[in-house]
Student: 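The following block contains the structure, expressed as structure tokens.
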Amino acid sequence: MNIRKKIKRWIELADHQDKRLVRRSRIRKWIVITGMLAVLFILSFIQQLKPEFNHYSMPEAQSGQTHTCDSVSLSNNPFELPADSFEQLLKQKIDERNTD
């Protein structure tokens, strides 16, 4: 059986059972359900879960390694976004080809 048909049948059954209730008890049931959902919603903001941080230092670079981010030059154009290291290497290779 299709999952949509099962869900539709389940909703129709719940609706039929809800319509059989007395009007006063139906209103009370929905007030209780809505109130419980509101309380859960408010509790989700009150409960403050603090994240756990690992305070460890990053390993230092070995003497033979160089960082490409140290050699990044700032552009004079204020609208140009900062480039990542791959883009810097690509620009450098293109500039080297154009000077030859």
Side-chain angles (χ1 to χ4, degrees):
M1 188 174 228
N2 192 358
I3 188 82
R4 287 184 182 183
K5 289 181 182 178
K6 286 183 180 182
I7 292 173
K8 186 177 179 181
R9 193 180 79 205
W10 181 73
I11 290 173
E12 287 174 356
L13 178 66
D15 187 42
H16 180 68
Q17 288 176 351
D18 190 49
K19 287 179 182 176
R20 285 193 300 170
L21 290 174
V22 181
R23 184 174 186 264
R24 182 174 268 176
S25 62
R26 187 181 331 155
I27 291 172
R28 190 178 308 136
K29 178 183 86 169
W30 285 109
I31 287 174
V32 168
I33 289 172
T34 307
M36 287 181 1
L37 289 175
V39 167
L40 286 174
F41 180 73
I42 291 169
L43 285 177
S44 71
F45 288 106
I46 293 174
Q47 180 186 13
Q48 296 177 359
L49 298 175
K50 295 184 179 182
E52 295 180 15
F53 294 105
N54 294 330
H55 300 286
Y56 59 89
S57 61
M58 297 293 293
E60 294 186 21
Q62 296 175 359
S63 60
Q65 295 177 344
T66 59
H67 294 287
T68 56
C69 60
D70 295 340
S71 62
V72 173
S73 61
L74 297 175
S75 173
N76 291 336
N77 186 358
F79 298 107
E80 186 176 340
L81 294 174
D84 60 352
S85 59
F86 177 74
E87 189 174 348
Q88 286 292 333
L89 289 173
L90 186 61
K91 284 182 180 179
Q92 182 181 8
K93 289 189 180 206
I94 290 174
D95 289 339
E96 288 174 359
R97 288 182 189 161
N98 289 341
T99 57
D100 289 342

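Residues take their numbers from the sequence shown, with the count starting at 1.
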Student: Roughly how far, to the nearest 0.5 Å, is CG of Leu13 from NZ of Lys8?
Tutor: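 It comes to 14.0 Å.
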Student: Quick one: do Trp10 and Ile3 end up in the same hydrophobic cluster if we chain Ile, Leu, Val, Met, Phe, Trp and Tyr together by side-chain heavy atoms under 4.5 Å apart?
Tutor: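 The answer is yes; both residues are in one hydrophobic cluster.
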Student: Between Lys19 and Arg26, what is the shortest heavy-atom contact and its length?
Tutor: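 Scanning both residues, the minimum pair turns out to be O-NH2, 3.7 Å.
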Student: Hydrophobic clustering (ILVMFWY, side-chain heavy atoms < 4.5 Å, transitive) - are Leu37 and Trp30 grouped together?
Tutor: yes
Student: Please answer: with hydrophobic residues joined when any side-chain heavy atoms are less than 4.5 Å apart, are Val22 and Val32 in the same cluster?
Tutor: no
Student: What's the spacing between Leu21 CG and Gln17 CD if we round to 0.5 Å?
Tutor: 8.5 Å
